[in-house]
Amino acid sequence: MLACSALAPDGTPVDGFTFDGERTVTYEGAAAVDAGIRLMLELPATDDPRWLVPGVFYGENRAAGCTRIYPRFTAGGVDLARMESDAWSFRADRCATPAVFARGGGLVTSERSPLGQSGVGFAYRTGRPTIWLDFPYREEPLRYDGSETPASPDVQTHRWQPGECVTLDVSVNDGDWRRALRPGDELLQAGWVSVEEAAELAAWGLYRWHFLPDPPRLVETRSFDGADVRDNMHVAWVSGVPYAYALLRHGRRVGNDDYVGAAEAVLDHVAANLAPGGTFWPQWTHDCGWSWGWHADHSRAHARTLADAALFMLRAGGRWDAAGRSNVAVALRTQRADGALPAAHHLETGDAASWEGTAGMSWIPALVAAGHREEAQRAGAYYARFDAWCGAPEDVDLAPTSEDGYAAVAAFVALQEWATARRAADWMLTFRYSYDVDFAADTTLGRYGFKSRGADQASPPNQHLHAFGLACLPEMLQLGEPYRTSALQNLECFRQFVARYDGDFGAQRGMTAERYLQTDCFGPKGTLDPLSHAWSIGVLLHACEELLA
């Protein structure tokens, strides 16, 4: 049974409201009043609430040792400076699906309501989890804007007139979020261009705007006007081998020698420069040459960055095979008896530098590709024990991210562990938007009619939409429905905002954006970061080439 109440801005109850069937609200007071409506569900006592707000909150949400500060659940304590609390409320457009789940129950709504944008929330009181929906939203005890400095709470209310009556969109379930979040099975007709055109544009954009020849590299970012460049190249993740391989594949398919030559040169450059420990260097920079990645420890190489580069070197084969196998040999040498693989390696020795998180799972596809199935299966058995994964990207430490979902899907599909792969895909899809966010008509995304369904929230600390899910489109296609259609929806979504001509949405032909701002985080809702990224073009090209193969 839902508990229904009207709340003033300070959270105190407001009289004069009646609730019919828990979803229809009528104000019977004599004068206008500012209030919001909260529909709340108290759940059975438990010492592990297992919070899930899709795309926003996963259990504790932030490990105690995580170096990135963003909202975290702490039972029985509040430290706003560290963004720690036992109660949280969020606006709906932060959520991949506007919903909140805990052990024993769940509530689902829609982004918009007759009272404005909806909200979700939860609290842990005297050993019992409570979940709720707010109409309109309340963001408490703070507002997260993407920085590590807490912003003031954002509490919205509606001005009620005497006799006003509204019906709210509310669905109650038993906490089975997999069933509640099952993706739809229809395509969206959102793409601006066909798959063939998207591949042609992405290949041109990667070659024209991100390839530089001396030394051969794919620079990570360019401004939309082409003038400013971040002249660094990770060997995978945000640049490097996977996208050079996609360009090589495209160039060979269409017979473009310039594309083939550029791609081969980048692969040669990476393969010829191994660190002393036998792995790739994580990153080449204009100022330092081959060096560490984004971690503060300059002797550390992140496992996923290395593993993805090794995998695509092995797929390229030929003269690049040995470099891929050198990295695989390091992973094999450092594998623990229980099957776990290091989350990071020491650049000088190749030894394990960290076991925290599950980034080591990224080695599994490379182990399979190199013929080491037994060792890969041992690793798979270890990582299959987890219900959630964390630590895949370099930039958010031990946060749970959509990229952990991609790594898990790729790993278990490589092993042909289909039940576990589908379980991983279900978790990954909690980050995937199931609806089209309501953008104001005068914003960039509103003017172009951007359809957000099929896009993924990057992570709880990085609350923006991104295209990285295209990296595991080939694996998702192998899982059958509804995963196949969800993967095609993902590609359809990001066949929007690939520049069709110079000046298209302010970018140059073939450019794509990294961040699509769908909520109040990192900048105004409805805007794009005016930067083209090698990886965002590269994953689009990778996915298109897979379909066109």
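In this chain, numbering begins with 1 at the start of the sequence shown. Side-chain atoms are counted along with the backbone in the values below, which use heavy atoms only and exclude waters and symmetry mates. Only a predicted model underlies this, so the values are computations on that prediction, with no experimental measurement involved.
In summary, the aromatic rings of W363 and H372 are positioned with their centroids too far apart to meet the 6.0 Å limit. Aromatic rings of F280 and W290 (six-membered ring for Trp) have centroids beyond the 6.0 Å cut-off, not under it. Here the two rings, on H234 and W535, have centers that are 6.0 Å apart or farther. Side-chain rings of Y58 and W427 approach one another, their centers coming within less than 6.0 Å.
Among R500, R253, R509, the one residue that satisfies the salt bridge (charged side-chain N to carboxylate O under 4.0 Å, His left out) test with E200 is R509. When each of Q457, Q463, K525 is paired with Q518, the side-chain hydrogen bond (donor to acceptor under 3.5 Å, both in side chains) condition holds for Q457 and for no other.
E374 CD: 12 or fewer foreign heavy atoms inside a 6.0 Å radius. Atom CD of Q377 has more than 12 heavy atoms from other residues, nucleotides or ligands within 6.0 Å. Within a 6.0 Å sphere centred on CZ of R484, heavy atoms belonging to other residues, nucleotides or ligands number 12 at most.
Cation-pi geometry between R432 and Y483 is not met: the NZ or CZ atom fails to fall both under 6.0 Å from the ring centre and inside 45° of the normal. Annotation: cation-pi pair R300/W292 absent, no NZ/CZ under 6.0 Å from the ring centroid and within 45° of its normal. Relative to the ring axis of F312, R315 places its NZ or CZ within 45° and under 6.0 Å from the centre.
When only modelled atom types and interatomic distance are considered, Q489 and T485 share no side-chain donor-acceptor pair under 3.5 Å. The closest side-chain donor-acceptor pair between D397 and T67 falls under 3.5 angstrom. Using a 3.5 Å distance cut-off with no hydrogens or angles, the side chains of H302 and E394 do not pair a donor with an acceptor. Counting only N and O atoms by type, the side chains of Y406 and S402 include a donor and acceptor under 3.5 Å apart. A donor atom on one side chain and an acceptor atom on the other are found under 3.5 Å apart for T512 and S536. No donor-acceptor contact under 3.5 angstrom links the side chains of D287 and T285, judged on distance only.
The closest side-chain heavy-atom distance from N490 to S486 is not below 4.5 Å.
The aromatic rings of F450 and F497 sit perpendicular to each other, their planes meeting at more than 60°, with 30° as the lower class boundary. In this pair, F90 and F57 present their aromatic rings tilted. The plane angle is within the 30 to 60° band. Classification of the F211-Y207 ring pair by plane angle, with boundaries at 30° and 60°, yields parallel.
Look at D395 and R68 and you find no salt bridge, because none of the NZ, NE, NH1 or NH2 atoms lies under 4.0 Å from a carboxylate O. One finds a salt bridge joining D321 and R325 here, because a Lys/Arg side-chain nitrogen approaches an Asp/Glu carboxylate oxygen to under 4.0 Å. R319 has a carboxylate O that lies under 4.0 Å from a charged side-chain N of E264, or vice versa, which qualifies the two as a salt bridge. Ionic pairing of R230 and E220 is present here: one or more N-O contacts between side-chain nitrogen and carboxylate oxygen are shorter than 4.0 angstrom. Here E403 pairs with R304 in a salt bridge; the nearest charged N to carboxylate O distance falls below 4.0 Å.
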* **Worked verdict on E111 versus R91 for salt bridge (Lys or Arg N to Asp or Glu O under 4.0 Å)** => CA-CA 8 Å; E111 181 201 1; R91 54 189 281 162; over 6 Å; no
* To do: Take Y245 and Y243 through the ring pair (Phe, Tyr, Trp, His ring centres under 6.0 Å) test and state the conclusion after the steps.
  => CA-CA 5 Å; Y245 176 73; Y243 317 122; over 10 Å; no
* Under the ring pair (Phe, Tyr, Trp, His ring centres under 6.0 Å) rule, what do F468 and F431 come out as? Steps first, then yes or no, please. => CA-CA 11 Å; F468 227 133; F431 293 89; over 10 Å; no
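Taking every heavy atom of both residues into account, S452 and L465 meet most closely at CB-CD1, 3.8 Å. Between G391 and A359, the shortest heavy-atom contact is O-CB, 3.4 Å.
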